[in-house]
Visitor: 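There's a structure below that I have some questions on.
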Amino acid sequence: MRDEVRTFVVEQLADMNYDVEELDDDTTLGPSGVDLESLALADLAVRVEDRYGLKFADDESEKLALMTVGEFTTMVADRVAANSDKS
């Protein structure tokens, strides 16, 4: 599941016109890495929510900006797994 989520996240970043050539799991989503601004982070979050049926809390956006691609991917995969366990 983690690999699928990571592939989706990278595809969405590319679709949003971000350079994903040298992206790895240690690249941060915020200023020192991918450089997603708040609107772009919100866009990515909505795309992930729509694809995986998740909901991010409004106060999570600052935390997302500090996450690496790997941390974000793992968090999403863990939430998807937790949601499927409830079903």
Side-chain angles (χ1 to χ4, degrees):
M1 171 55 71
R2 188 185 182 290
D3 289 341
E4 176 191 326
V5 172
R6 187 184 190 291
T7 298
F8 178 78
V9 168
V10 172
E11 286 172 352
Q12 297 314 301
L13 291 171
D15 185 58
M16 294 162 63
N17 295 318
Y18 284 91
D19 181 13
V20 296
E21 284 296 312
E22 297 186 23
L23 197 70
D24 63 26
D25 281 352
D26 295 326
T27 305
T28 59
L29 293 172
S32 61
V34 180
D35 201 19
L36 295 181
E37 294 180 4
S38 57
L39 282 175
L41 268 170
D43 186 12
L44 178 62
V46 167
R47 291 173 186 226
V48 169
E49 288 174 342
D50 290 348
R51 172 69 177 86
Y52 294 104
L54 301 177
K55 189 73 180 133
F56 293 104
D58 292 339
D59 63 353
E60 283 188 287
S61 59
E62 277 187 41
K63 188 167 46 169
L64 296 180
L66 299 174
M67 287 184 160
T68 64
V69 172
E71 291 167 340
F72 181 71
T73 300
T74 299
M75 179 192 70
V76 170
D78 289 349
R79 288 187 184 186
V80 169
N83 283 352
S84 66
D85 289 347
K86 292 177 187 175
S87 308

Visitor: Go through it in stages, so that I can follow the logic: the residues are Asp24 and Val69, the test is side chain to side chain contact (heavy atoms under 4.5 Å, CB included), and I'd like the CA-CA distance, side-chain angles, deciding distance and then a yes or no.
Guide: CA-CA 7 Å; Asp24 63 26; Val69 172; over 6 Å; no
Visitor: Any idea which heavy atoms bring Leu54 and Arg79 closest together, and the distance?
Guide: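 Taking Leu54 first and Arg79 second, the nearest heavy atoms are CD2-CB, 3.8 Å.
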Visitor: Below 4.5 Å, heavy atoms only, C-beta onward: do Leu29 and Thr68 meet side chain to side chain?
Guide: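 No, every pair of side-chain atoms sits at 4.5 Å or beyond.
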Visitor: If you group Ile, Leu, Val, Met, Phe, Trp and Tyr by side-chain heavy-atom gaps below 4.5 Å, do Phe72 and Val46 land in one group?
Guide: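 No, because Phe72 and Val46 fall into different hydrophobic clusters, even though each may have its own neighbours under 4.5 Å.
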Visitor: Shared ILVMFWY cluster between Leu66 and Tyr18, side chains joined below 4.5 angstrom?
Guide: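 Cluster IDs for Leu66 and Tyr18 differ.
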Visitor: Using the test ring pair (Phe, Tyr, Trp, His ring centres under 6.0 Å), find all partners of Tyr52 that sit at least two apart in sequence or belong to another chain.
Guide: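 Scan of Tyr52 (ring pair (Phe, Tyr, Trp, His ring centres under 6.0 Å), adjacent residues dropped) gives Phe8.
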Visitor: For residues 25-37, which residue pairs qualify under salt bridge (Lys or Arg N to Asp or Glu O under 4.0 Å), counting only residues two or more places apart or in two chains?
Guide: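 Listed by first then second residue: Arg2-Asp25, Arg6-Asp25.
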Visitor: Using the side-chain contact (heavy atoms from CB on, under 4.5 Å) definition, which of the options Thr27, Val34, Val9, Leu13 pairs with Val20?
Guide: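 That would be Leu13; it is the only one of Thr27, Val34, Val9, Leu13 passing the side-chain contact (heavy atoms from CB on, under 4.5 Å) with Val20.
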Visitor: Rounded to the nearest 0.5 Å, what's the gap from CE on Met16 to CG on Leu44? Could you check?
Guide: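 If we round to the nearest 0.5 Å, Met16:CE and Leu44:CG are 5.5 Å apart.
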Visitor: Can you list the residues that meet the side-chain hydrogen bond (donor to acceptor under 3.5 Å, both in side chains) rule with Glu49, with sequence neighbours excluded?
Guide: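 Testing Glu49 for side-chain hydrogen bond (donor to acceptor under 3.5 Å, both in side chains), a comparison that skips the adjacent residues, returns none.
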Visitor: Regarding Glu4 and Arg51, does a basic nitrogen lie under 4.0 Å from an acidic carboxylate oxygen?
Guide: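 A salt bridge links Glu4 with Arg51.
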Visitor: Find out whether Leu64 and Met75 are in side-chain contact, i.e. whether some heavy atom of one side chain is under 4.5 Å from a heavy atom of the other.
Guide: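 Sidechains of Met75 and Leu64: in contact.
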Visitor: Does a side-chain heavy-atom distance below 4.5 Å link Thr28 with Met67?
Guide: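 Answer no - side chains too far apart.
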